[in-house]
Amino acid sequence: MSATWFDHAIATVAPRMAARRVMARQAFETLTRGYDGAARGRRTEGWRAPGSSADTEIGVAGALLRDRMRDLVRNNPHAAKAVAVLVNNIIGSGLMPRAASGDDTLDRKVDALFERWTAECDADGQLDFYGLQTLICREMVEAGEVLVRRRLRRASDGLPVPLQLQVLEADFLDASKSGALGAGRLVQGIEFDPVGKRRAYWLHAEHPGDAYGALQNGLQSRPVPATEIAHIYEKQRTQARGVPWGAPVIRSLRDLDDYEVAELVRKKTEACVTAIVFGDDEAQQGIAPSVVDADGNRVEQFEPGLIAYARGGKDIRFNQPSATGGYGEYKRASLHTISAGFRVPYELLTGDLSQVNYSSIRAGLVEFRRMIDAVQWQLFIPMLCAPVWRWFTEAAWAAGQIPTPDVPVEWSPPKFDAVDPYKDAMADLLAIRTGTMTLAQAIARQGHNPDAVLAEIAATNAKLDGLGLVLDSDPRRVTKTGSVQAGDPTSDPAAPASETEKE
C-alpha cells in the first residue's frame, strides 16, 4: 500500500514515524483479508460445516445413505440408469488379465489356467469372473463399497484352481465395532493395528437385513483376517469406508420424484372433473356445497368424466384445465444436476441427443472416458483385480499347477466404442507407423490379448497359404496364388477386378 499525503507530510519532520504508520497500515490490511467462503454473516447463516473426520461423518450417515440410494435405484429410473451407465463403462465385457512374466511357456500356461478358473470362480456358482466384476462394480457405485472374500476349497472339489470368490454387501460389516482395541483400533467394523494397517474385518455371519439370519443369531460378528478380504470403494478422503456415488444428488432425485408425482396428480385431477352443478343463487350454494352421488353418499374421490352435483344445483359450470408451462425446462435442469452428481454426461443419463452434434458429443465423452480410465486403473484394478490375481497364483502354486506364486500380470480394460470407427482406426494406424504406439498396445486397447490375437492372425495366414489364397489390398477381391498381390505397385485398387482375379 502506498503512502498517503499525510504520511508524506509527517515524513518531512519525522521520517521514522511515517514509515511505522505505513507498515502498520499494511499489516492491518493483511489481517483483514480472507476468503469470502469463510465469511460469517446473514448470507451464510444456517450453513453447517463441521470439521469432523471422514470416518465420523460416514459412521453417522453411511447406512442411511446406502439405504436411500438403493431405494432410489429400485424405484427411480434416472438413478437406475446412472448406475448402469457407470457400470457398463467401467467394466463392460470385463477387465482381462494377461500373465507377463517374460517366460512365454509359463505365461501361456497361467493364462490358460486362469481362463478355465474364471468359469468356476463364483462361490454362488452363477457368474464367471467377469460377471462378478459387474456385480462388484454395481455394489461399489450403488452402495458405496463392497467386500470380496477369498474362499479356499479342497482339491477334491474338482475346481481348476481350489479357490472361489464370495461377494458380500457392505451391510455384512459390523459398523457397531468402533473404538480402541488393545494397541490398535476399530473403525466401523474394520480393525487396524498400531501402525494403521488393516488387520481384520468384523463380519456378520448373515446379512443383518435377512429375517432368517437374525433368527439364526446371525447378528453376531467375528473377525476375518484382512488378507482374506478385498475391500473396494472410492477414497475421496482418508476414510475407512465408502459412500454411494450418488450421495450428492439423493435429495435432487427425491425432489424430482415428488415434483413429477405432484404434476401427475394435478393433471389427473383436472382431467377427472368435467363439470359441477351449482345452485341458482349464492344463498343456495353455501360456503362449501356438499357433492353427493345418486345414493346420497358424499363424493370424496374424483373419476374421469365426473359431473358433480352440489346441493340445490341448477347451474352447470364446466372445468377448464389451465395450461402450465415450465415442466420440461425444470426436469431438464434437474437432470443436468443429477448427471453432474453421478459424474455421467447428461446425454448418457437421459438418452436425449437433441442438443448435441458430432463434435460436442465427442468432446463431452473425452472427459467422461478420462474419469472412467482413472477409476479402472487407480481404483478397481488395485483394489480388486490385483488381490484376486495374487490369490489365484498362490492357490495355483499351492496346488502344484504352476512353479511360482509370483507371476506378474498386465490388465486390459474393455475398449471404448468409437463415435467414428474409421477416424479412430486411422489414428491408431498413424500412431503405430510413427512409433508412438506398438501393435500390441493397439490390440490391448481393443480389450483383447495381443499374444492371442497375433497367434490367431498367424494361424489364419498359415491356413490361407495352405489353401493358396491371398487377400488383396482391395477387400472386394480374394485371389489365387499368382494373381495380383496386396501391395503390388502395379495394381490399382480402384480398378475393377479382371476375370482372372474374380476366379
Side-chain angles (χ1 to χ4, degrees), residues 91 93-101 103-139 146-174 191 198-207 210 212-213 215-218 220-232 380-381 383-411 449 452:
I91 302 301
S93 58
L95 285 77
M96 304 178 64
R98 182 174 75 258
S101 66
D103 185 341
D104 292 341
T105 303
L106 176 60
D107 290 347
R108 286 195 297 269
K109 183 176 183 179
V110 173
D111 289 340
L113 185 61
F114 186 86
E115 188 66 26
R116 288 192 287 120
W117 174 76
T118 56
E120 305 289 342
C121 68
D122 184 11
D124 291 336
Q126 293 182 305
L127 303 174
D128 63 3
F129 178 58
Y130 306 108
L132 287 179
Q133 288 182 5
T134 297
L135 176 61
I136 292 166
C137 184
R138 181 178 182 85
E139 278 295 310
V146 62
L147 305 172
V148 179
R149 184 173 181 180
R150 170 166 64 173
R151 291 293 193 178
L152 296 174
R153 304 305 188 193
R154 298 184 298 269
S156 58
D157 291 335
L159 298 173
V161 175
L163 166 70
Q164 287 187 318
L165 306 176
Q166 182 183 17
V167 180
L168 301 174
E169 293 184 346
D171 309 77
F172 276 84
L173 263 178
D174 188 354
E191 181 179 334
R198 298 184 183 223
R199 185 163 55 193
Y201 289 82
W202 288 73
L203 302 179
H204 295 294
E206 301 289 343
H207 194 291
D210 186 5
Y212 174 78
L215 293 175
Q216 296 298 315
N217 205 20
Q220 295 182 356
S221 60
R222 61 185 182 87
V224 175
T227 55
E228 304 295 310
I229 299 293
H231 188 192
I232 301 97
F380 208 79
I381 289 178
M383 287 187 169
L384 173 70
C385 298
V388 168
W389 181 262
R390 184 175 63 252
W391 294 343
F392 164 77
T393 55
E394 289 175 355
W397 172 75
Q401 295 177 307
I402 58 176
T404 175
D406 185 15
V407 181
V409 63
E410 294 179 356
W411 292 91
N449 185 334

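If you take NE2 on His204 and CG on Leu168, they are separated by 11.5 Å, rounding to the nearest 0.5 Å. Note: Arg138 CZ to Gln133 CD = 16.0 Å, rounded to the nearest 0.5 Å. Interatomic distance, CG of Leu135 versus CG of Asp124, reported as 9.0 Å (0.5 Å rounding). Separation of atoms OG1 (Thr118) and CG (Asp128) is listed at 5.5 Å; rounding is to 0.5 Å. Between the CG atom in Leu106 and the CG atom in Asp111 there is a gap of 9.0 Å [rounded to 0.5 Å]. For the atom pair Asp103 CG and Lys109 NZ, the distance stands at 10.5 Å (nearest 0.5 Å).
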Query raised in the report: What's the verdict on side-chain contact (heavy atoms from CB on, under 4.5 Å) for Phe392 and Val407, showing C-alpha distance, side-chain angles and the deciding distance?
Result: CA-CA 10 Å; Phe392 164 77; Val407 181; over 6 Å; no

Query raised in the report: Could you walk me through whether Phe380 and Ile136 pass the side-chain contact (heavy atoms from CB on, under 4.5 Å) check?
Result: CA-CA 10 Å; Phe380 208 79; Ile136 292 166; 4.2 Å; yes

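Taking a cutoff of 4.0 Å between a charged side-chain nitrogen and a carboxylate oxygen, Glu228 and Arg149 do not qualify as a salt bridge.
Shown here are the side-chain contact (heavy atoms from CB on, under 4.5 Å) partners of Arg108, two or more places apart in sequence or in another chain: Asp104, Thr105.
Inter-residue side-chain proximity for Cys121 and Leu163 is flagged as unmet; no heavy-atom pair is nearer than 4.5 Å. Counting only heavy atoms from C-beta outward, the side chains of Leu147 and Leu203 approach each other to under 4.5 Å. Ile229 has its side chain within reach of Val224: a pair of non-hydrogen atoms, C-beta onward, lies under 4.5 Å apart. Side chains of Val161 and Gln401 form a contact here, defined as non-hydrogen atoms less than 4.5 Å apart. With a 4.5 Å cut-off on side-chain heavy atoms, Val148 and Leu384 count as touching. Between Leu95 and Tyr130 there is no side-chain heavy-atom pair separated by less than 4.5 Å.
In terms of heavy-atom proximity, Pro160 sits nearest to Arg116 at CG-O, 3.6 Å. Nearest heavy atoms, Phe114 versus Pro97: CE2-CG, 3.3 Å. The two residues Thr393 and Ile402 make their nearest non-hydrogen contact at O-CD1, 3.6 Å. Of all heavy-atom pairs between Pro223 and Trp202, the closest is CD-CZ3, 3.6 Å. Residues Trp391 and Thr227 come closest through the heavy atom pair NE1-O, 3.3 Å.
Looking only at atom types and distance, the side chain of Asp107 has a donor-acceptor partner in the side chain of Ser101 under 3.5 Å away. Side chains of His231 and Arg198: a donor-acceptor N/O pair is present below 3.5 angstrom, by distance only. Side-chain N/O atoms of His207 and Glu169 include a donor and acceptor closer than 3.5 Å.
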Side chains of residues 152-159: which donor-acceptor pairs under 3.5 Å do they make with residues two or more places apart or in other chains?
residue, atom, partner, partner atom, Å
Arg153, NE, Gln164, OE1, 2.9
Arg153, NH2, Gln164, OE1, 3.2
Asp157, OD2, Arg154, N, 3.1

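For Trp397, the CH2 atom sits in a loose shell: 12 or fewer heavy atoms of surrounding residues, nucleotides or ligands are nearer than 6.0 Å.
Classification of the Trp411-Trp389 ring pair by plane angle, with boundaries at 30° and 60°, yields perpendicular.
A centroid separation of 6.0 Å or more is found between the aromatic rings of Tyr201 and Phe172.
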